[in-house]
Visitor: 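Have a look at this one before I ask anything.
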Amino acid sequence: MTITTHPAAEPTAAAVRRFPEGFLLGAAAAAYQIEGAAHKDGRTDSIWDAFSRVPGAVVNADNGDVACDHYHRYRDDVALMRELGLNAYRFSTSWARVRPDGGPVNPKGVDFYSRLVDELLESGITPWLTLYHWDLPQALEEQGGWANRDTAYRFRDYALSVHDALGDRVDIWTTLNEPWCSSFLSYTGGAHAPGRQDVAAGLAAAHHLLLGHGLAVQALRERDASLDLGITLNLTVAKPVDPAHPGDLDAARRIDGQFNRVFLDPLFRGHYADDLLADVGPLGLDAVVQPGDLEVISSPIDALGVNYYHGEYVSDRPAANPIEGQAPTDRPTRSPFPAAEGVHFHSQGLPRTGMGWEVQPDGLRELLGRVHREYTGPAGVRLFVTENGAAYDDEVSPDGAVHDVERTGFLLSHLSSILDAIDEGTPVHGYFYWSILDNFEWAWGYDKRFGIVRVDYETQERTIKDSGLAYQAVIRDRALPAASAR
Ligand code: IFM
């Protein structure tokens with residue numbers, strides 16, 4: 001494999017705004033999005049393999065069969081991470097590789113992750129393991145998927161299998177990545193695998209994902225009390241367009257409830273909020289919550305990962321400047337929110353990424369402050385930003401480099417926002433850029449590029465983009481460059 005790099009620019013001004021001692025600067029990726037080798041060494045279909053075959057589900061009918069071929073190139077990819085200076089790498093294990101069809105453990109599948117972890121450790125990079133990043137074995141979906149309570153127990157067993165293999169070398173364990181996406185976007189909205197469009201199934205999936213999280217936390221804790229256990233949520237800042245208009249306030253309350261609090265409250269407070277239950281209880285949530293579930297779900301954790309991409313600006317009135325509407329394909333989907341029919345998403349007139357998402361770095365400071373005050377602070381749980389990043393239509397310049405000025409600005413402005421949060425008294429312990437590599441962006445296929453490293457999908461050549469070089473300098477200096485400091 002060829003790795004093309006361009007030398008990092010020398011700092012031109014004194015570096016200011018340092019990251020606190022011990023703050024982790026890393027990058028993230030996920031199994032199905034980068035590994036490829038979809039049918040190698042015993043791996044069987046996940047719901048994303050199956051969904052990718054549905055006509056019109058994924059742009060260009062792309063799939064993860066080859067992706068970034070990371071399964072075969074992981075050593076070179078770890079070398080790239082080392083070159084960038086990453087303190088930590090956040091990756092996920094594939095359930096369908098570790099326990100194909102949700103059945104017995106597959107030694108070859110486990111061996112891949114074992115070798116990856118060894119390579120990271122030898123490179124001085126902390127492995128940060130996520131057990132579930134959306135790729136349920138298809139065989140389990142055929143038994144009801146996350147809408148079936150039994151899947152939560154299967155998840156616990158899978159978590160223990162991964163721990164059997166890696167528990168001696170991995171200390172930081174995340175149960176789920178973005179359960180909002182693997183429930184509401186997948187079982188209610190239908191935009192993600194398994195592509196169901198069923199409000200009750202989405203609510204059941206959300207509750208069962210939380211239950212699976214709690215069961216896995218309890219089982220892993222019992223195995224080893226010293227593990228660092230947590231979960232990653234994608235959270236948003238939902239603002240009313242007109243804070244004086246009751247309909248807009250209600251729209252913001254609904255989105256906050258059905259995006260943020262539906263996970264935060266059960267995890268940190270051991271209950272679903274009354275207003276949420278009033279909105280969605282009768283739609284299917286009441287039917288799946290069993291006595292004792294919330295105690296399991298609220299089992300103490302050590303870390304919360306927040307994934308932040310953009311905020312929401314909402315109203316009960318349609319927008320002259322709507323932000324909704326960017327769908328990857330013309331396959332019909334529905335709103336992922338179970339009870340937000342009258343909510344309209346407005347533009348704030350901010351610059352947008354290649355996903356159409358408005359760039360709102362200060363929202364990250366606000367979000368982290370709120371989560372710390374209301375949830376993680378009182379619980380003594382450490383807060384991390386486990387994903388943040390942007391897709392843009394990158395071009396390779398004649399000099400072979402990718403001068404991704406917008407992504408560099410996005411990265412630095414969000415890091416600056418984290419330092420603002422820290423200055424305000426919100427303890428934040430790390431940041432992971434999404435993503436280390438361009439990769440399979442789910443229903444968008446390979447059409448959207450989030451990486452700080454470009455992947456040429458024809459040749460699998462990797463090129464560190466200018467954003468990657470900027471990040472390399474930040475990690476080296478453990479500080480933001482003066483120009484981006486404020
Ligand atoms: O690519 C995804 C990732 O899998 C989960 N968080 C959001 C990213 C960008 O859409």
Side-chain angles (χ1 to χ4, degrees), residues 26-36 46-49 51-52 57-59 62-64 67-68 70 89-95 128-136 174-186 189 191-193 209 231-236 259-260 263 304-312 323 326-329 333 336 352-360 363-364 367 384-394 404 406-407 410-411 414 431-455 467:
Y32 190 71
Q33 293 181 272
I34 65 167
E35 284 177 3
S46 75
I47 52 177
W48 271 97
D49 298 271
F51 187 64
S52 299
V58 178
V59 171
D62 287 340
N63 59 48
C68 308
H70 174 73
Y89 170 52
R90 176 174 174 260
F91 66 100
S92 73
T93 48
S94 155
W95 191 340
W128 181 300
L129 189 151
T130 299
L131 287 159
Y132 187 71
H133 197 122
W134 309 352
D135 43 0
L136 183 73
T174 295
T175 53
L176 309 174
N177 179 69
E178 301 186 357
W180 185 85
C181 294
S182 41
S183 55
F184 298 115
L185 196 57
S186 305
H192 276 194
L209 279 154
I231 185 169
T232 276
L233 304 176
N234 51 321
L235 300 175
T236 194
F259 205 106
N260 300 326
F263 297 106
L304 176 72
V306 170
N307 291 359
Y308 172 79
Y309 287 88
H310 58 90
E312 316 293 344
I323 193 127
Q326 266 228 20
T329 68
T333 53
R352 297 192 192 189
T353 71
M355 299 293 283
W357 298 342
E358 293 197 321
V359 180
Q360 195 186 340
L364 181 54
L367 176 63
F384 293 82
V385 175
T386 39
E387 278 184 34
N388 166 250
Y392 288 104
D393 294 334
D394 296 330
D404 55 341
E406 291 169 302
R407 184 177 294 102
F410 184 100
L411 167 70
H414 284 79
Y431 172 87
F432 292 79
Y433 179 79
W434 181 271
S435 171
I436 178 72
L437 300 173
D438 290 338
N439 59 49
F440 177 78
E441 177 52 24
W442 308 113
W444 291 96
Y446 297 99
D447 208 44
K448 303 289 179 192
R449 293 177 177 270
F450 276 86
I452 47 174
V453 175
R454 177 181 174 83
V455 175
S467 56

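FYI, the numbering just counts along the sequence from 1. Note: hydrogens, waters and symmetry copies are ignored here, and every other heavy atom, side chains too, is used. Just so you know, ligand 1 is whichever comes first in the structure, and atom 1 is the first atom listed for that ligand.
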Visitor: Measure from the side-chain N and O atoms of D438 to the backbone N and O of G451, and report whether any donor-acceptor pair falls under 3.5 Å.
Guide: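 Here the side-chain-to-backbone pair exists.
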Visitor: Check whether T236 reaches the backbone of H310 with its side chain - one donor and one acceptor, N or O, closer than 3.5 Å.
Guide: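 Between the backbone of H310 and the side chain of T236 there is a qualifying donor-acceptor contact (under 3.5 Å).
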Visitor: Return the set of residues passing side-chain contact (heavy atoms from CB on, under 4.5 Å) with N388 (not counting sequence neighbours), or none when no residue passes.
Guide: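 Once residues adjacent in sequence are excluded, the partners of N388 under the side-chain contact (heavy atoms from CB on, under 4.5 Å) criterion are Y308, V385, F410, H414, Y431.
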Visitor: For ligand 1, would you mind listing the residues that have at least one heavy atom less than 4.0 Å away, ordered by chain and number?
Guide: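 Correct list: Q33, H133, W134, N177, E178, Y309, W357, E387, W434, E441, W442, F450.
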Visitor: Which residues pass the side chain to side chain donor-acceptor pair (under 3.5 Å) test with H70, not counting sequence neighbours?
Guide: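 Residues passing side chain to side chain donor-acceptor pair (under 3.5 Å) with H70: D77.
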Visitor: For T93, check side chain to side chain donor-acceptor pair (under 3.5 Å) against everything at least two apart and list the hits.
Guide: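 Testing T93 for side chain to side chain donor-acceptor pair (under 3.5 Å), a comparison that skips the adjacent residues, returns Y158.
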Visitor: Whether R449 and D404 form a salt bridge (side-chain N of Lys/Arg under 4.0 Å from carboxylate O of Asp/Glu) is what I want to check.
Guide: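 Salt bridge between D404 and R449, a charged N being under 4.0 Å from a carboxylate O: no.
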